[in-house]
Colleague: 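Here it is, the structure in full.
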Amino acid sequence: MKLHKIAVLAVAALMSVGAWAEECDINITAVPVFQGDEVPEDVSDMIVTRLTNAAATSGVVGSDNSRFFITAKFNNNFKDVLAGPPQQTAVTTLVTLYIGDVIDRKVFASQSFELKGVGTSDSRAYLNAIKSLNGKNDQFARFIAKGKEKVISYYDANYPQILQKARQAMKMNNYDEALYYSTQIPECSRGYAE
């Protein structure tokens with residue numbers, strides 16, 4: 001009977017560790033959108049903020065020095081001016097989000113969203129359209145989870161090389177660089193304890 005309780009507690013502990021591992025924080029840089037004249041500049045700034053905030057609900061931490069990025073690209077923009085006081089602009093756009101590795105130039109996950117918004121200007125219409133990109137959106141949450149899984153897989157496969165770089169920097173008394181390399185590895189990676 002006592003052995004049975006210990007086995008049940010061990011299984012429960014392993015399950016909680018697995019759940020904890022899935023919820024660890026990873027660092028991703030939100031990269032501004034470059035779309036030329038089609039999308040107003042303040043919309044690019046707003047979507048970076050929106051992506052950073054929405055991703056944070058899924059354990060993705062905004063960082064300025066991560067090799068991994070999240071960004072968006074607007075496609076197939078359709079704009080219509082609606083008559084009446086006040087004059088309104090209606091926007092329909094397909095925005096594709098990407099999570100990837102800037103150094104190896106790989107895309108880990110992508111997802112497209114059709115967005116619609118109405119506002120008193122082009123900017124306001126786009127800003128109203130991107131409001132649906134948030135952490136409560138199931139499609140967005142799945143996209144973040146898929147990208148996060150790929151980033152963790154990268155660290156699981158490459159942590160020995162990252163730690164070797166940290167050791168080399170430490171030997172050269174470059175402690176800031178050593179700390180940078182060693183703190184890149186997320187808690188849910190196999191190499192974190194090492």
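Start at 1 with the first residue, then count along the sequence. This one's a predicted model, so the numbers in the text were calculated from it and none came from an experiment.
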Colleague: Is a salt bridge present between E194 and R167, judged by a nitrogen-to-oxygen distance below 4.0 Å?
Modeller: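 A salt bridge is present here (some side-chain N lies under 4.0 Å from a carboxylate O).
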Colleague: Do T96 and S112 pass the side chain to side chain donor-acceptor pair (under 3.5 Å) test, and can you show the C-alpha distance, the side-chain angles, and the key distance before you say yes or no?
Modeller: CA-CA 4 Å; T96 304; S112 295; 2.9 Å; yes
Colleague: Which residue is it: I28, I99, I26? I am looking for the one with a side chain to side chain contact (heavy atoms under 4.5 Å, CB included) to K148.
Modeller: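 Considering I28, I99, I26, a side chain to side chain contact (heavy atoms under 4.5 Å, CB included) with K148 is found only for I26.
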Colleague: Kindly give the heavy-atom pair with the smallest separation between A166 and S182, and that separation in Å.
Modeller: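 Looks like CB-N, 4.2 Å.
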Colleague: So, for C188 and I152, which heavy atoms are closest and what is the spacing to 0.1 Å?
Modeller: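 Closest heavy-atom pair between C188 and I152: SG-CD1, 3.2 Å.
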Colleague: Would Q88 and T120 count as a side chain to side chain contact (heavy atoms under 4.5 Å, CB included) here? Give the steps.
Modeller: CA-CA 5 Å; Q88 301 271 336; T120 54; 3.9 Å; yes
Colleague: Say whether Y98 and L133 are linked into one hydrophobic cluster, either directly or through other cluster members, by side-chain heavy-atom distances under 4.5 angstrom.
Modeller: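 Different hydrophobic clusters.
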Colleague: Assess, by modelled atom type and distance only, whether the side chains of Y154 and D156 contain a donor and an acceptor separated by less than 3.5 Å.
Modeller: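 No, because no side-chain N or O of Y154 sits under 3.5 Å from a partner of the opposite role on D156.
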Colleague: If you count every heavy atom of other residues, nucleotides or ligands that lies below 6.0 Å from Q111 atom CD, does the total exceed 12?
Modeller: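 Correct, the count exceeds 12.
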Colleague: I'd like to know whether Y180 forms a side chain to side chain contact (heavy atoms under 4.5 Å, CB included) with N174, so could you lay out the CA-CA distance, the side-chain angles of the two residues, the decisive distance to 0.1 Å, and finally the verdict.
Modeller: CA-CA 10 Å; Y180 167 77; N174 192 344; over 6 Å; no
Colleague: Under the side chain to side chain contact (heavy atoms under 4.5 Å, CB included) test, which residues partner A129, sequence neighbours left out?
Modeller: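 Partners of A129 under the side chain to side chain contact (heavy atoms under 4.5 Å, CB included) test: L115.
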Colleague: Mind checking whether V81 and F78 sit in one hydrophobic cluster, side chains of I, L, V, M, F, W, Y counted as touching below 4.5 Å?
Modeller: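 V81 does not cluster with F78.
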Colleague: Mind jotting down which residue pairs meet the salt bridge (charged side-chain N to carboxylate O under 4.0 Å, His left out) criterion with at least one end in residues 86-102? Sequence neighbours excluded, please.
Modeller: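 Qualifying pairs: R67-D101.
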Colleague: Nearest 0.5 Å please: distance from the OG1 atom of T71 over to the CD1 atom of I47.
Modeller: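 Between T71 OG1 and I47 CD1, I get 8.0 Å after rounding to 0.5 Å.
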Colleague: For A30 versus T52, what's the shortest heavy-atom pair and its separation?
Modeller: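 Result for this residue pair: CB-OG1, 3.3 Å.
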Colleague: Would you sort out whether E187 and D25 count as a side chain to side chain contact (heavy atoms under 4.5 Å, CB included), showing the intermediate values?
Modeller: CA-CA 8 Å; E187 292 178 49; D25 292 341; over 6 Å; no
Colleague: Side chains of T89 and D80: closer than 4.5 Å at any heavy-atom pair?
Modeller: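 No, too far: nothing below the 4.5 Å cut-off.
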Colleague: Shared ILVMFWY cluster between V48 and L127, side chains joined below 4.5 angstrom?
Modeller: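 Unlinked, V48 and L127 end up in two clusters.
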Colleague: Check the angle between the aromatic planes of F143 and F113 and answer parallel, tilted or perpendicular using the 30° and 60° thresholds.
Modeller: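 The rings of F143 and F113 stand perpendicular, inter-plane angle above 60°.
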Colleague: Go through the steps for I162 and I185 under the test side chain to side chain contact (heavy atoms under 4.5 Å, CB included), then give the verdict.
Modeller: CA-CA 8 Å; I162 295 168; I185 301 170; 4.1 Å; yes
Colleague: Any salt bridge (charged side-chain N to carboxylate O under 4.0 Å, His left out) pairs touching residues 126-146, not counting sequence neighbours?
Modeller: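 Found none.
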Colleague: Measure from the side-chain N and O atoms of N158 to the backbone N and O of Q161, and report whether any donor-acceptor pair falls under 3.5 Å.
Modeller: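 Not confirmed, N158 side chain does not pair with Q161 backbone.
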Colleague: Taking the side chain as every heavy atom from C-beta outward, state whether Y155 and P186 have any atom pair closer than 4.5 Å.
Modeller: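 With C-beta onward as the side chain, the pair touches.
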Colleague: Between L82 and Q87, is any pair of side-chain heavy atoms under 4.5 Å apart?
Modeller: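 Answer no - side chains too far apart.
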Colleague: Can you list the residues that meet the side chain to side chain contact (heavy atoms under 4.5 Å, CB included) rule with S121, with sequence neighbours excluded?
Modeller: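 Partners of S121 under the side chain to side chain contact (heavy atoms under 4.5 Å, CB included) test: S123, R124.
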Colleague: Kindly write out the residues that satisfy side chain to side chain contact (heavy atoms under 4.5 Å, CB included) with K116, not counting sequence neighbours, or none if the list is empty.
Modeller: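 If we apply the side chain to side chain contact (heavy atoms under 4.5 Å, CB included) test to K116, skipping adjacent residues, the hits are T92, E114.
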Colleague: Given Y126 and N128, is the side chain to side chain donor-acceptor pair (under 3.5 Å) satisfied, shown in steps?
Modeller: CA-CA 5 Å; Y126 276 105; N128 287 334; over 6 Å; no
Colleague: Using a 3.5 Å distance criterion without hydrogens, assess whether the side chain of N137 forms a donor-acceptor pair with backbone atoms of S132.
Modeller: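 The answer is yes, because a donor-acceptor pair under 3.5 Å joins these two groups.
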Colleague: Membership question, hydrophobic clusters at under 4.5 Å side-chain separation (ILVMFWY): are F140 and V95 in the same one?
Modeller: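 Yes; tracing contacts between hydrophobic side chains, which count when under 4.5 Å, links both residues.
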Colleague: State yes or no: do V102 and V31 share one hydrophobic cluster built from I, L, V, M, F, W and Y residues joined by side-chain heavy-atom distances below 4.5 Å, directly or via other members?
Modeller: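 Result: yes, single cluster for both.
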Colleague: Are a donor atom and an acceptor atom from the side chains of T29 and S66 found within less than 3.5 Å of each other?
Modeller: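 Short answer, no.
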Colleague: Side chains of I70 and I144: closer than 4.5 Å at any heavy-atom pair?
Modeller: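 Side-chain contact under 4.5 Å: yes.
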Colleague: Under the ring-ring contact (aromatic ring centres under 6.0 Å, His included) rule, collect the residues that match up with F108, sequence neighbours excluded.
Modeller: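 Listed in chain order: F68.
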